[in-house]
Engineer: 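I have a structure I would like to understand better, so I am pasting it below and will then ask my questions one at a time.
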Amino acid sequence: MANIHNMTFLKEKIDTLKEEGLYKELVTLEGPNESECIINGKKVINLSSNNYLGFANHPRLKQAAIDAINLYGAGAGAVRPIVGNMKIHDELEQILARFKREEAVLVFQSGFNCNAGTIQAVTEEGDLIISDELNHASIIDGARLSKAKKTTFKHSDMDDLERILKENKDKYKKMLIITDGVFSMDGDIAKLPEIVELAEKYKAMTYVDDAHASGVLGENGRGTVDHFDLHGRVDFTIGTLSKAIGVVGGYVAGKKVTIEWLINRGRPFLFSTALPPAVVGACIEAIKMLMESSEYTDRLWENATYFKKNIKDCGFDIGQSQTPITPIIIGDESKTKDFSKKLFEKGVFVSPIVFPTVPKGTGRVRCMITAGHSKDQLDKAVDIISQVGKEMKVI
Ligand SMILES: *Cc1c(COP(=O)(O)O)cnc(C)c1O
């Protein structure tokens, strides 16, 4: 028998990934994540970050991080329920609650952690979780940790959602509908007004994960609930501090009682160390910047609208996108990867996204437009994408 410590079982699985074209390797950034950056030694226009507002390397965030280190140190020193809860953590939650126009907020160490902790804490045996089939991996994992029964509805299909609600309304103690606010692979927005109406009709709770809407949709980036003016009608709003906010972290916004419960029963909150002061300080500064001015979100949308129009005019298929997420649908998996490779050679970095992240035959390069891109960079990117598109007969 082979020596188990050789990890042959992993090598075999990796070989299978390679055969199926699903093997991933990391690229390395030499310097900050900006609209133009150095990747694997090459200067390229970056169309793949979630740094929507250009905050990741913003001088105000960096200064706030340094100030927080000077006041509170490099680490929090404990989980928050023991002795890691600093004044700066409370301040972040207070400003987030005001920003989100909700009663209260609880911050977790990441958006992933937030879903992993919250879903299992607010559901139990005898409940039903009803999840959009395209929801993010952290929602899927979060639901797996719950003792509730789980089912999915077809992506944004309100008839399918209503069918499930109708069939199950008397069978469970509680029902919880979960949806992404903005779907990350297509850039479409959840039909939140319809979901909320159905939830109210069938007495279900609602849970929106606004990772790609935080800092993007709604007044100055307040999210999908604000975008659709549904304040007070969504039970759990999840936001991330890792994408548009430019740092790292996640939060739940909702009723005071929800936050009280999660302080007692949110497992990543209870058992994983508090976010470091630098992160918290930078996040507070980012939220202040959004509350002060619409300058950043305005520039994001102006850039996104400009880029999407020009890409569409070239004849590319950008699917159902309603947000700065701009998929350019290529189709075939290996063609998609070649497309991305050719773009990189010409100076544009856009990572390919293929099955199983998206359905077979819908491979795409997903362009992420940010407030940090200059018109020049966007023009140059469109030029290169259109050149490669013609070369490869995509357009
Ligand atoms: C990115 C993402 C997360 C994870 O957020 P992190 O803060 O990066 O952990 C969770 N949910 C959705 C929908 C996401 O797109």
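Computed from a predicted structure; not experimentally measured. Whatever order the structure lists them in is the order used to number ligands and atoms, beginning at 1.
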Engineer: Just jot down the ligand 1 atoms closer than 4.0 angstrom to any heavy atom of Lys243, in number order.
Structural biologist: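 Result: 1 (C), 2 (C), 3 (C), 14 (C), 15 (O).
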Engineer: To which of Ser184, Ser110, Ser242 does the heavy atom nearest atom 7 (O) of ligand 1 belong?
Structural biologist: Ser242
Engineer: Looking at His212, which atoms of ligand 1 are within less than 4.0 Å of one of its heavy atoms?
Structural biologist: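 Per the distance check, 15 (O).
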Engineer: Report, in ascending order of atom number, the atoms of ligand 1 lying under 4.0 Å from any heavy atom of Gly249.
Structural biologist: 7 (O)
Engineer: Say whether Asp332 and Ser334, considering side chains only, have a donor N or O and an acceptor N or O under 3.5 Å apart.
Structural biologist: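 A donor-acceptor contact under 3.5 Å links the two side chains.
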Engineer: Looking only at N/O atoms, are Thr240 and ligand 1 under 3.5 Å apart anywhere?
Structural biologist: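 Checking ligand 1 against Thr240, an N or O pair does fall under 3.5 Å apart.
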Engineer: Taking atom 12 (C) of ligand 1 as the point of reference, which of Ala213, Ser138, Gly239, Ala211 owns the nearest heavy atom?
Structural biologist: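 The residue whose heavy atom sits nearest atom 12 (C) of ligand 1 is Ala211.
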Engineer: So if I apply the side chain to side chain contact (heavy atoms under 4.5 Å, CB included) rule between Phe236 and each of Asn115, Val122, Ile119, Val208, which one comes out positive?
Structural biologist: Val122
Engineer: When the side chains of residues 255-263 are checked against the rest of the protein, which donor-acceptor pairs come out under 3.5 Å, sequence neighbours left out?
Structural biologist:
{"from": "Trp261", "atom 1": "NE1", "to": "Ala121", "atom 2": "O", "distance (Å)": "2.7"}

Engineer: Could you go through Asn57 and Asn33, starting from their C-alpha distance and side-chain angles, then the distance that decides it, and tell me whether this counts as side chain to side chain donor-acceptor pair (under 3.5 Å)?
Structural biologist: CA-CA 7 Å; Asn57 191 40; Asn33 195 325; over 6 Å; no
Engineer: For atom 6 (P) of ligand 1, which protein heavy atom lies nearest, and how many Å away is it?
Structural biologist: Gly111 N, 3.4 Å
Engineer: Taking distance alone, no hydrogens or angles, what donor-acceptor pairs closer than 3.5 Å link side-chain atoms of residues 270-278 to residues at least two apart or in another chain?
Structural biologist:
none

Engineer: So is Cys114 in contact with ligand 1, going by heavy-atom distances below 4.0 Å?
Structural biologist: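 No, Cys114 has no heavy atoms under 4.0 Å from ligand 1.
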Engineer: Which ligand 1 atoms, with their elements, are less than 4.0 angstrom from a heavy-atom of Phe112?
Structural biologist: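 Once the distances to Phe112 are compared, the set is 4 (C), 5 (O), 6 (P), 9 (O).
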Engineer: Compute the centroid of each ring, for His155 and then for Phe183, and state whether the two points are separated by less than 6.0 Å.
Structural biologist: yes
Engineer: Identify the protein heavy atom lying closest to atom 11 (N) of ligand 1, giving its residue, its atom name and the separation to 0.1 Å.
Structural biologist: Asp209 OD2, 2.6 Å
Engineer: Report, in ascending order of atom number, the atoms of ligand 1 lying under 4.0 Å from any heavy atom of Asp180.
Structural biologist: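 Here the atoms of ligand 1 in question are 13 (C).
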Engineer: Should the ring pair Phe316 and Phe339 be called parallel, tilted or perpendicular, given that the plane angle runs from 0 to 90° and is split at 30 and 60?
Structural biologist: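 The rings of Phe316 and Phe339 stand perpendicular, inter-plane angle above 60°.
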Engineer: Assess the pair Tyr52 and Tyr296: is the distance between their ring centroids shorter than 6.0 Å?
Structural biologist: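 Here the rings of Tyr296 and Tyr52 have centres that are no less than 6.0 Å from each other.
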